[in-house]
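Notes follow once the structure below has been shown.
For this chain, numbers begin at 1 and follow the sequence in order.
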Amino acid sequence: MQVDQLSFLERVAEDQNKQFWLFQLTFWFFWMSYHLIFNFSVAIILADALVAVILTSSLAFIFYQVLERPFAFRVAVIVIGSAVAGLIWNVFKRHLELRFGSENYLLFEELGAWSYYTYEYFGLSFWVILSWSGVFYGLTLYFQLQEERAASLNAKAMAHEAQLRMLHYQLNPHFLFNTLNAISTLILDKDMQTSKEMVSKLSNFLRYSLDNDQMDKVSLSHEVNMLQLYFDIEKVRFEERLVVDYDIDADAGEALVPSMLLQPLVENAIKYAVADRMEGGKIRIAAELSAGKMVILVEDDGPGISLGEKGELPEFTGVGIRNTRERLTELYGADHGFDINNRSPRGLAIRITLPLETGG
């Protein structure tokens, strides 16, 4: 039963027409209930309510047409429309009472036709219709504000997603350029067997990348498996010059991280710590859970970088580190850490701290 009620409320919340009729029925139900307490004729009250529903529905149509007009104009339409509808309603009520209540003939003869049909107009009918108009207009503005707010949130969410995707798509061409350039070099050196291996490994890596939406989060162990595909590609180029060391706690392997988080950082490490050095270099990837957080380290033994006084990156730094930092900011806001430090005696260490998420 509760599921049905929630489903009904959700349908009402999404349908402006349902919202209007729910308001109509609720308003005039309470109006009839109030009058029935005083033992008014049920038939007359029902007829009055029916005419009121018709009149106010017409008013609603008019009010919707002027929603975008200046405020003073809207107020004038509401007041004048309520006055006219209230007068029609009052005349109908007086005529109905005159027709089915013989005691009202005395009042009719005493006041005269005009005074009788406008009797209690300003004391009741006009104010009831004006009250309905005020509540209707207030609810209309409220729902309109909610729609605008929802549209704004949706636009922000779309912009947020577009920003994340843009950061990711900046990385793909960068990685592909480096890999294809390496393959072309192998082909020029007539190393066909190695180039075939590299193309095959690249195909596996790209298939893996396409199968995982970059907006999703994956377990760290899943991310490391993807990273191993990347290392397989690079080891075709660097062979024993590239040394990779993993130090990942078992519990940390189940924690969730953004898909393709580490590849651009590792690519940056290979560029500066391995590719530019004849002896090659070593990359270490470590992860642990600490104080309810996920801590990931990507370290190398390369030359490091010259950081600013406040740890800011130099202008020449590639897209990998910058995009990863911006992507984490988009995903987690202030609830994450991204620290870069030079190691002693040499090398670079990137420390990422994320909220601990598991499952999925």
Side-chain angles (χ1 to χ4, degrees), residues 167-189 191 194-195 197-206 208-209 214 220 222-248 257-287 296-307 313-328 338-343 345-352:
L167 293 173
H168 170 69
Y169 292 146
Q170 286 178 359
L171 294 174
N172 275 345
H174 187 256
F175 162 68
L176 286 174
F177 172 79
N178 287 342
T179 306
L180 293 174
N181 186 57
I183 293 174
S184 67
T185 300
L186 291 170
I187 294 174
L188 289 174
D189 292 341
D191 189 348
T194 305
S195 62
E197 290 179 12
M198 201 164 182
V199 169
S200 176
K201 293 178 184 298
L202 175 62
S203 174
N204 291 334
F205 177 81
L206 292 179
Y208 187 100
S209 175
Q214 307 307 313
L220 181 61
H222 190 79
E223 177 75 357
V224 170
N225 289 336
M226 181 280 304
L227 204 57
Q228 188 57 49
L229 289 176
Y230 174 75
F231 281 131
D232 288 343
I233 295 172
E234 296 295 8
K235 283 194 173 185
V236 174
R237 295 170 56 198
F238 301 110
E239 298 178 338
E240 71 278 358
R241 292 172 58 206
L242 172 59
V243 178
V244 181
D245 180 27
Y246 294 104
D247 185 11
I248 298 174
V257 298
S259 179
M260 299 286 287
L261 172 67
L262 300 179
Q263 185 271 330
L265 303 181
V266 168
E267 183 176 354
N268 186 79
I270 289 177
K271 178 179 179 180
Y272 293 104
V274 180
D276 290 347
R277 301 164 63 198
M278 290 297 298
E279 70 276 20
K282 180 179 180 180
I283 298 174
R284 176 175 178 266
I285 300 171
I296 304 173
L297 285 174
V298 178
E299 300 176 334
D300 64 57
D301 59 355
I305 58 176
S306 299
L307 299 172
L313 295 173
E315 292 296 328
F316 58 82
T317 303
V319 299
I321 293 179
R322 290 185 182 278
N323 280 19
T324 301
R325 185 168 62 178
E326 291 177 18
R327 185 182 176 199
L328 291 175
F338 189 87
D339 303 307
I340 302 176
N341 294 286
N342 287 309
R343 301 176 64 202
R346 58 181 291 121
L348 186 70
I350 299 176
R351 179 187 177 94
I352 300 174

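- Side chain of Ser195 to main chain of Asp191: a donor-acceptor pair is present (N/O by atom type, distance under 3.5 Å, no hydrogens or angles).
- For the residue pair Gly302 and Arg277, the shortest heavy atom distance occurs at CA-NH1, 3.7 Å.
- Here the shortest heavy-atom pairing between Leu328 and Pro258 reads CD2-CG, 4.2 Å.
- For the atom pair Leu265 CG and Ile270 CD1, the distance stands at 11.5 Å (nearest 0.5 Å).
- In terms of heavy-atom proximity, Arg343 sits nearest to Leu348 at CD-O, 3.7 Å.
- Between Met198 and Lys201 there is no side-chain heavy-atom pair separated by less than 4.5 Å.
- If you run side chain to side chain contact (heavy atoms under 4.5 Å, CB included) between Glu234 and each of Val274, Ile283, Leu242, only Leu242 comes through.
- Shown here for Tyr272 and Pro303, the closest heavy-atom pair between the two residues is O-CD, 3.3 Å.
- Here Leu180 contributes atom CG and Thr185 contributes atom OG1; the two are 10.5 Å apart, rounded to the nearest 0.5 Å.
- In this structure, the side chains of Thr324 and Ile350 stay at 4.5 Å or more apart for every pair of heavy atoms.
- Across every non-hydrogen atom of Met278 and Arg241, the tightest pair is O-NE, 3.3 Å.
- Formation of a donor-acceptor pair under 3.5 Å by the Asp301 side chain with backbone atoms of Arg346 is not found in this model.
- Atom CG of Leu202 sits about 11.0 Å away from atom OH of Tyr230, to the nearest 0.5 Å.
- Just one of Val266, Asp247, Leu297 meets the side chain to side chain contact (heavy atoms under 4.5 Å, CB included) condition when paired with Ile285; it is Val266.
- For the pair Ser184 (side chain) and Asn181 (backbone), a donor-acceptor distance under 3.5 Å is present.
- Here the CD1-CZ distance, from Ile352 to Arg325, works out to 11.5 Å after rounding to the nearest 0.5 Å.
- Within the 3.5 Å criterion, the main-chain N or O of Ala349 finds no donor-acceptor partner in the side chain of Asn341.
- A donor-acceptor pair under 3.5 Å is formed between the side chain of Glu223 and the backbone N or O of Met260.
- Lys235 approaches Val244 most closely through the heavy-atom pair CE-CG2, 4.4 Å.
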Report task. With side-chain contact (heavy atoms from CB on, under 4.5 Å) as the test, would you mind laying out the steps for Asp189 and Thr194 before giving the verdict? Result -> CA-CA 10 Å; Asp189 292 341; Thr194 305; over 6 Å; no

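- Leu261 contributes atom CG, which lies 6.5 Å from atom CZ of Arg327 (distance to the nearest 0.5 angstrom).
- Note that CG of Asn268 is 10.5 Å distant from CD of Gln263, once rounded to the nearest 0.5 Å.
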